[in-house]
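Notes follow the structure.
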Amino acid sequence: MVSFFTTKESLGRGPLGYSPGGGGWRLLVQAGKGAPSPSAGVAAGARPDCSESCLTSSPRLLPALNLANVDWKWKENTLAHHTDQYSTKELVARRGQPFAVTLTYRGTKPSGNLTIIAETGATPALQAKTRVAFAVTRTPRSGAWSAVQTSADASTVTVSISSPANAIIGRYNLSMTTGSGSSAPAASLGTVVLLFNPWLRGDDVFMANIAEREEYVLSEFGLVFVGSANHISRSGWNFGQFQEGILNICLAMLDRSRSFTQDPHSDLARRNDPKHVGRVMSAMVNSNDDKGVLQGNWSGNYAGGENPSSWTGSVDILQRWKAAGFKPVKYGQCWVFAGVLTTVLRCLGMPTRMITNFNSAHDTDRSLTVDVYYDAAGNPLSMGADSIWNFHVWNESWFLRADLAPAFNGWQILDATPQERSSGLFQCGPASLIAIKEGDVDLRYDSPFVFAEVNADRVTWTHNPSTGETKRLYTETKSVGQYTSTKAVGSYARVDVTSNYKYTEGSAKERTVFEKARAKLNLNTMSSTSAKLLPPKPSVSGKFKVEHTPEVGKDVHLALKLTNHASEPKTVEAHMTAWTIIYTGMPIHEVWKNTQSVTLGPKEEKTFPVKICYEEYQQHLTTDNMIHTTALCHTQEGEGDVLVERIVTLDNPSLTIKVLGQPKVNEAVQAQVLFTNPLALEVKDCVLLVEGSDLLADKLKLDAPPLGAKRQAAVQFALTPTKAGTKQLLVNFSCDKFHDVKAFETLEVVQ
């Protein structure tokens with residue numbers, strides 16, 4: 001047995017007024033003797049060190065106000081605003097909902113009317129609605145910033161502050177003056193971070209279903225569905241939107257976007273709109289046009305960074321981005337981009353979920369068709385820019401579309417994976433889900449691209465490089481957009497949401513919508529894919545069948561079944577190949593090929609075994625564990641070629657996680673990961689990665705010695721939970737023969 005142990009280190013935030021390493025709170029104004037402890041409130045003028053998002057100046061304290069303390073009533077306010085999970089002492093509130101502040105004076109309260117000023121951005125402006133002044137009154141104002149005095153005695157005043165339901169989100173500096181106008185000198189009260197409010201009916205992101213709000217806003221972990229349409233697998237993902245520093249990082253992303261740097265006032269003014277925030281963040285999660293978070297890489301060579309398959313959560317990625325001075329983290333692929341975007345949008349209060357689309361089309365020319373090419377031997381050819389990804393992961397966020405008709409409210413598609421430019425940037429969405437289903441591809445944003453992902457027609461061609469001849473084999477109208485999936489609310493079940501994106505494949509309604517989309521894009525005069533222009537359907541068909549569950553380290557056994565549907569014999573020559581691929585369908589290396597000639601009698605069916613040995617594919621298998629098998633079948637009777645294909649996804653060995661005791665807050669508990677080497681040879685370079693929000697202080701990387709053939713190893717480590725509730729522990733094991741073997745376990749942490 002190999003044992004490793006780790007314990008959670010103290011985060012060391014330091015006392016109030018002290019800012020270790022730039023973190024924590026810093027004291028702007030001396031509160032005097034007898035100032036309350038941090039739990040009782042924040043000293044007058046105190047504000048958090050909020051890094052890139054802080055204002056550049058602070059209002060000075062008016063001595064005449066005699067203000068001794070500002071109590072932000074953190075516990076009461078955060079519970080009421082559903083923000084108590086954020087790992088920050090700064091008040092986090094949701095827009096449109098009041099929060100209370102108690103002001104304590106050293107002696108006599110100042111006379112005159114109190115005015116509060118709220119401002120956001122480095123250069124707040126009235127015209128951009130980033131600075132507003134409002135008097136403390138006895139009655140609230142609807143739809144505007146307001147402050148109401150709720151109680152008072154000789155030395156204290158409690159004020160309830162409200163923002164409008166469409167307020168700009170972000171960090172606000174609040175200050176107070178006794179003057180009647182906003183131009184009078186003001187005393188700083190501190191800062192508040194304002195978020196979207198899915199609990200408020202007047203907010204554009206309002207979500208009525210309680211269970212859905214819990215899942216899509218408050219849950220810090222979830223699932224990613226990957227694989228292929230005939231082999232869907234899942235892995236856990238740590239969103240961690242409430243973890244220390246993540247909120248500040250999300251605000252820094254807004255301030256580093258191209259939208260902000262090109263026109264700060266315009267960008268700030270539009271941060272009240274989830275449509276704008278979602279689109280900006282879809283650009284900032286990738287690094288293609290800016291200093292965004294993640295650099296994409298689909299080459300198979302991940303030198304200088306991390307293999308995208310190694311990630312199990314967003315927190316490590318976002319923290320690395322900040323620690324590197326906001327330089328892109330290497331590397332990401334679609335599910336990584338989607339996982340990070342989920343974290344960012346949930347952190348800001350937008351209900352968001354991950355969506356996986358299998359057989360996902362990448363249509364580069366807005367034709368709503370995707371062309372794929374093979375040579376005469378059945379080898380895939382890199383011709384054209386279109387492709388069919390085995391799966392693609394994007395996001396849906398829930399909000400109103402004030403720019404469209406009310407029918408298009410609800411789920412909106414956002415995609416942070418850099419594929420095609422939109423308005424000059426690698427950003428995608430928000431595209432209304434309803435618009436996609438109904439074929440309204442003329443609506444913003446990027447609807448034609450998203451429509452094609454789930455409902456393009458696939459056109460398969462053969463190409464002869466020596467003669468330049470290209471021949472269309474067939475057009476398939478049903479294969480694109482299969483088993484579109486998301487995590488179930490409140491469980492780990494897979495929910496199929498394909499019907500949200502399109503009507504039943506093959507139905508009259510689905511074809512009507514497809515033609516409607518073509519018409520809106522003025523494609524009716526282009527080469528039609530209707531059946532009347534297709535070549536005659538061959539009388540021979542084929543199918544690959546997987547004989548045994550494919551596993552990494554073992555031979556792959558398939559069977560090619562050919563069927564003659566005609567009443568006369570057919571002679572078929574099948575050219576078969578197998579390529580290792582990445583999940584986008586890009587071929588990496590040919591690992592097997594064979595040619596089989598057969599005569600099929602009338603209505604006869606024959607099956608031929610296919611065996612791809614481990615020794616043939618082991619050096620070329622990618623971390624996606626996918627092999628693309630094809631059989632291009634020629635009939636001597638000249639009826640046309642038939643292409644038979646199958647994506648084979650190989651299973652990794654399994655990991656077993658055991659927690660050796662009841663997890664309790666602030667108490668170490670041992671956990672163990674078991675791995676069995678299924679091979680008849682030793683595996684080396686064994687590494688275990690472990691993470692889990694509120695379970696570990698940092699992501700663990702544990703090295704293990706080589707593991708002999710058919711042997712089992714146990715890697716042990718310690719967890720020290722910091723919060724009670726449901727938590728997710730994620731592990732990722734790699735060695736020289738197996739890469740990124742993942743597992744997760746849900747833990748209930750008690751006090």
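Heads up: numbering here begins at 1 and tracks the sequence. The figures here come from the full heavy-atom set of this structure, side chains too, leaving out hydrogens, waters and symmetry mates.
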Okay, side chain of [X], backbone of [Y]: is any donor-acceptor separation there less than 3.5 Å?
X	Y	result
K487	R494	no
N455	V480	no
D446	F449	no

Polar side chain donor-acceptor pair, [X] to [Y], under 3.5 angstrom:
X	Y	result
H231	D651	yes
E573	H575	yes
N357	H392	no
S422	Q427	no

- Atom NZ of K516: over 12 foreign heavy atoms under 6.0 Å: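 Yes.
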- Task: Check each of V336, L223, T342 against W237 using the side-chain contact (heavy atoms from CB on, under 4.5 Å) test, and report the only one that passes.
- Result: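 Result: among V336, L223, T342, V336 is the only option passing the side-chain contact (heavy atoms from CB on, under 4.5 Å) with W237.
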Would you call [X] and [Y] a salt bridge, using N to O less than 4.0 angstrom?
X	Y	value
K543	E645	no
R472	D371	no
E682	K684	no
K502	E510	no

Which atom pairs, donor and acceptor, lie under 3.5 Å between side-chain atoms of residues 613-620 and protein residues at least two apart or in another chain?
from	atom 1	to	atom 2	distance (Å)
Y614	OH	Q618	OE1	3.4
E616	OE1	C613	N	2.8
Y617	OH	E551	O	3.4
Y617	OH	G553	N	3.2
Y617	OH	K554	N	3.4
Y617	OH	K554	O	2.6

- Can you list the steps and then say if W461 with Y374 is a ring pair (Phe, Tyr, Trp, His ring centres under 6.0 Å)? CA-CA 6 Å; W461 307 79; Y374 296 87; over 10 Å; no
- Query: What orientation do F738 and F675 show, parallel under 30°, tilted 30 to 60°, or perpendicular over 60°?
  - Reply: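 Because their plane-to-plane angle is over 60°, the rings of F738 and F675 count as perpendicular.
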- Determine the interplanar angle of the Y331 and Y302 rings, folded into 0 to 90°, and report it as parallel if under 30°, tilted if 30 to 60°, perpendicular if over 60°.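 Correct class here is tilted.
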- Message: Going by the rule salt bridge (charged side-chain N to carboxylate O under 4.0 Å, His left out), which residues pair with E420 if we only count those two or more places apart in sequence or in a different chain?
- Response: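 Per chain and number, E420 pairs via salt bridge (charged side-chain N to carboxylate O under 4.0 Å, His left out) with no residue.
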- Query: Does the side-chain hydrogen bond (donor to acceptor under 3.5 Å, both in side chains) test come out yes or no for S479 and N359, once each step is laid out?
  - Reply: CA-CA 7 Å; S479 63; N359 291 352; 5.4 Å; no
